[in-house]
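Okay, so here's the structure we're looking at.
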Amino acid sequence: MDAHLKPIGMDVPRWRVLNILYEHECAPISTIADLAVIRMPTMTKLIYRMEGEGLVSTRVSAKDGRVTEVSLTEKGHASVDHVRVKAGLIFERAFHDVEDGEIEAFMKIMKKIYDNIY
């Protein structure tokens, strides 16, 4: 996936952040780190780099001044749309001859492995 994302200025960690924020609209850095399975210090650095790139914006939480909330910018929303098109093409190429039942079984196994780890 990285090889296909790099030409459009994206990588998997940024893609994870964009997708999480697309689903949650606004989230604390700690929540994004948990959902992306990335350590908090690493996520913090990534978020501030993405803010510098204009993909996300940050603000101090009104409820807790120790918490930094993150949301997508217009550029971030556009990037999600662009990458989803690219990812859709990759998904189609990878799974074009895989039956729906096989995909469901694969996802069930992956969930089981994830649950075993976490």
Side-chain angles (χ1 to χ4, degrees):
M1 189 69 170
D2 261 335
H4 295 283
L5 293 175
K6 191 172 183 176
I8 59 173
M10 190 60 58
D11 57 28
V12 172
R14 281 178 174 79
W15 173 232
R16 285 183 186 154
V17 171
L18 292 175
N19 271 310
I20 289 165
L21 291 173
Y22 187 83
E23 297 298 324
H24 291 88
E25 291 187 38
C26 181
I29 293 176
S30 59
T31 299
I32 299 168
D34 288 345
L35 293 171
V37 193
I38 296 175
R39 293 180 23 183
M40 180 70 172
T42 304
M43 181 55 70
T44 301
K45 290 177 192 173
L46 177 59
I47 292 293
Y48 286 115
R49 268 185 289 186
M50 291 176 72
E51 184 176 39
E53 296 166 356
L55 297 170
V56 300
S57 62
T58 62
R59 67 174 179 263
V60 175
S61 169
K63 295 178 184 175
D64 185 344
R66 300 169 295 172
V67 175
T68 299
E69 297 176 332
V70 186
S71 57
L72 286 177
T73 61
E74 280 189 41
K75 183 178 179 182
H77 277 283
S79 291
V80 169
D81 294 338
H82 188 202
V83 176
R84 282 191 172 187
V85 168
K86 188 78 154 172
L89 295 173
I90 294 166
F91 180 85
E92 286 297 321
R93 184 173 162 196
F95 290 94
H96 76 278
D97 62 348
V98 181
E99 300 290 329
D100 288 346
E102 292 173 312
I103 293 172
E104 289 172 17
F106 174 71
M107 294 304 290
K108 187 175 181 180
I109 291 168
M110 292 302 294
K111 182 181 181 335
K112 189 181 238 183
I113 292 168
Y114 179 85
D115 290 344
N116 287 344
I117 294 171
Y118 299 102

Residues in side chain to side chain contact (heavy atoms under 4.5 Å, CB included) contact with [X], at least two apart in sequence or another chain:
X: V12; value: M1, D2, L5, R16
X: R93; value: H4
X: H82; value: I8
X: L89; value: none

### Task
State yes or no: do V17 and M40 share one hydrophobic cluster built from I, L, V, M, F, W and Y residues joined by side-chain heavy-atom distances below 4.5 Å, directly or via other members?
yes
### Same apolar cluster (I L V M F W Y, side chains within < 4.5 Å links), W15/I90
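Linked within one cluster.
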### Task
May I ask you to decide if I38's main-chain N or O and T42's side chain share a donor-acceptor pair within less than 3.5 Å?
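Flag not set: sc T42 to bb I38 has no pair under 3.5 Å.
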### Query
In Å, rounded to the nearest 0.5 Å, how long is the span from CD of E25 to CD1 of I20?
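Answer for the CD-CD1 pair, E25 versus I20, is 14.5 Å.
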### Query
Atom NE2 of H24 and atom OG1 of T31: how far apart are they, to the nearest 0.5 Å?
8.0 Å
What residues form a side chain to side chain donor-acceptor pair (under 3.5 Å) with [X], not counting sequence neighbours?
X: R39; result: none
X: S57; result: S71
X: N19; result: R84

### Query
Do I29 and V70 touch side chain to side chain, with heavy atoms closer than 4.5 Å?
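Side chain of I29 against side chain of V70, heavy atoms only: contact under 4.5 Å found.
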Mind listing the side-chain donor-acceptor pairs of residues 98-117 below 3.5 Å, one per line with the distance, residues two or more places apart or on another chain?
unit_1	atom_1	unit_2	atom_2	d
E102	OE1	E99	N	2.7
K111	NZ	D115	OD2	2.7
N116	ND2	K112	O	3.4

Less than 3.5 Å apart, which donor and acceptor atoms pair up between the side chains of residues 47-56 and the rest of the protein, not counting sequence neighbours?
unit_1	atom_1	unit_2	atom_2	d
E51	OE1	T58	OG1	3.3
E51	OE2	T58	N	3.2
E51	OE2	T58	OG1	2.8
E53	OE1	R14	NE	3.1
E53	OE2	R14	NE	3.4
E53	OE2	R14	NH2	2.8

### Summary of salt bridge (charged side-chain N to carboxylate O under 4.0 Å, His left out) pairs that have at least one residue in residues 62-72, sequence neighbours excluded
R59-E69, D64-R66
